[in-house]
Each structure stands twice: as structure tokens, then as C-alpha cells.
Amino acid sequence: MRHVTSSSQFTKEHLKDLFALATELKQNPSRYGQSLSGKVVATLFYEPSTRTRLSFESAIQRLGASLISTENAKEVSSAVKGESLSDTIRIVEGYAEAIVMRHHENDAAYEASKIAAVPIINAGGGSGEHPTQSLLDCFTIYEQRFSLDKLSIAVIGDLRYGRTVHSLVKMLSLFDDLTVYGVSLPGLELSEEYIHYIEEHGGRFISCRSLQGVPSDVDVLYQTRTQRERMSVAEGEVQEIIIDQHVLDRFEKHTIVLHPLPRNQEIAPEVDHDPRALYFEQAKNGMWVRMALLYMLLKENH
Ligand code: NCD
């Protein structure tokens, strides 16, 4: 694999290798401190980010590579002066051995990958995909269950605009006997494209209007934020499906709660103290998984 633009590019074999390396990096980070020394990685972010950008930047530096970064490229890069994305990519590829990019257009990373001489990593594209998030989501589930087969997961909230769910259901579709409960309010349902993807790959998709429709022994509750920045004001006035302690109490001991974060009010803060709430651990895993990915991409290419 040269570029990472969609989670559908990954095979089970890739994930096995990546999770093994992420586990090793998590246990023995100091062994890898010079792995990418002499290399430069660029982070080019046209949309806001805390976790994704900082975990990539920490990953880059923990592997001994150097970093060049523009965190608010929509406002401060030459995009303001009218430069096209392809011209920007042609310039940045001359300065770095890889480009990690987040963009407001769904296909921007894919378009960049068609012209870039260095690996492009999609760190979130509009309301389309966020493949490196699904790597850390799957890794976090894998750490709990040691397998992604026979998984049942409820994806909750804004399934229409939430790119993390799009990439996650595609990646989970690689595995056997997948059941996805889509819990969303009217207008925010998962689009047919992703439902087909799950079903074509042998999984089941069950649509629900509330968490009451999800069996109490589900393996994962994957909560998400309403992506108001991608909606009109009227559209954004939707209610939230909230997980509080009372809601969580109905689920079994093995049911874990994940969220790509940032959260608004869709997970009550009281839930943070429940041992099943793994979203902070999940966010931290982002760094190990992104280290593993950068290591694999940049070692393979040199
Ligand atoms: C997500 C994103 O940017 O899509 N955040 C993240 O990368 N962890 C989710 C979100 O913004 O709601």
C-alpha cells in the first residue's frame, strides 16, 4: 500500500501486521525512537483537529522523523491566495517524505494521491471517510476481544455525515459474522452505500430509532457527535441520542463504549467512570496505531 485514502484498501493481513506492530510500539516505544530519522512528514489540515493532528505529530516525532505542519490550511496556507490543492501537493511533496492531510472535500486525499510522488494519508475527508480513525477503533476493539469476527456493534448518532462510522463499517466488513445496529434519528441514517457495503460483504445491518432496539449483549456502543458544521442550522436542530449511566446500566459487562471524540452532550460525563467507557484509551491508541502505519509506509518505501 502506498497511499491511505479509504479504509476499504486494508486487508485482514494488513490489520494483523499493523495491530501487532502497534502492540509492540505501545510496549517498547523507545526501541523505535530513531526508526524514521532523517525523514520529514508534513501534516496539512484544512479542517479543525485535536486528536488526529496531535497524535500523528506525536507519532512522527516518536519515530525520530521531523515534522512540518500547517494546522489551519484553509485560512493560512496559499489556498487563501487561490492555490489549487494539486499545486499545494506538488510543492509539499518536495519538502516531505509523506503528507498527512485533512480536507473539507470528501475526495481530496484521493485526488491528491493520484498526483503525489510521496504517500498521502487521509486524516479525514469531508463527510466521506476517516480511515486512520477506523484503524484505531478496530485496534481498540481487538485489544478487548482479540478478534474482530462475530462482532456486534451499535453505531449511534449522526451516521449520515459522520465519516468515522463510514470508514469503521467498511473496515469491520472484512471480518466474519458482523452485525451492525444503526441507531439514528430521522435524516441522519446511514446511507444506502454503506448498508450495501456491509451486506455485500456478508454482514447484517439493522436500523433502530433508539438504543432500546439494541440487544443488551451487544459488544460495542460506538457513539458519535452530530456534525453540525456540515448541516444547515435547521438540520442541526436535531435531538441527541444520549448515553448516560442509566442507559449503560441496561448493557452487559462486556459491552464497551467507544467515541471518536470530540463529544458534546451525547455521552454524559458520569459514564467516564464506568470501566466499559474506553474512549480516552481509544484516543491514546491513535498515536500507537498511527506510529505503526507511518513505520510501515515509510520503511516500505525506502
Ligand atoms: C472525528 C472527525 O474528525 O471526523 N474526530 C476525530 O478525528 N477523532 C469525529 C468528529 O469530529 O466528530
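Atom set for the values below is all heavy atoms of this structure, side chains included, hydrogens, waters and symmetry mates excluded. All ligand and atom numbering here is 1-based and tracks the order in the structure.
- The Arg102 neighbourhood of ligand 1 comprises atoms 3 (O), 7 (O), with distances under 4.0 Å to a heavy atom of that residue.
- Of all protein heavy atoms, the one lying nearest to atom 6 (C) of ligand 1 is Leu261 O, 3.5 Å.
- Residue-to-ligand polar distances keep Glu229 apart from ligand 1: every N/O pair is separated by 3.5 Å or more.
- Below 4.0 Å from some heavy atom of Thr52 lie the following atoms of ligand 1, by number and element: 6 (C), 7 (O).
- Contacts between Thr164 and ligand 1, counted as non-hydrogen atom pairs separated by less than 4.0 Å, involve the side chain only.
- Considering only residues two or more places apart in sequence or on other chains, Tyr110 meets the side-chain contact (heavy atoms from CB on, under 4.5 Å) condition with Thr5, Ser113, Lys114.
- The protein non-hydrogen atom at the shortest distance from atom 11 (O) of ligand 1 is Arg225 NH2, 2.9 Å.
- The pair Lys284-Glu143 fails the salt-bridge criterion, with no side-chain N (NZ, NE, NH1 or NH2) lying under 4.0 Å from an Asp/Glu carboxylate O.
- Less than 4.0 angstrom separates some heavy atom of His130 from each of these atoms of ligand 1: 2 (C), 4 (O), 6 (C), 7 (O).
- For atom 4 (O) of ligand 1, the closest non-hydrogen atom on the protein side is Arg163 NE, 2.7 Å.
- Side-chain atoms of Gln133 and Thr52 form no donor-acceptor pair, as typed in the model, at a separation below 3.5 Å.
- Close N/O approach between Pro260 and ligand 1 is found [any backbone or side-chain N/O within under 3.5 Å].
- Salt bridge status for Glu189 with Arg209: present, with a side-chain N to carboxylate O gap under 4.0 Å.
- Tyr32 meets the ring-ring contact (aromatic ring centres under 6.0 Å, His included) test with Tyr295; sequence neighbours excluded.
- Note: Tyr46 and His104 have perpendicular aromatic rings, judged against thresholds of 30 and 60 degrees for the angle between ring planes.
- Between the side chains of Thr132 and Arg290, at least one donor N or O lies within less than 3.5 Å of an accepting N or O.
- In Glu47, neither the side chain nor the backbone holds a heavy atom less than 4.0 Å from any atom of ligand 1.
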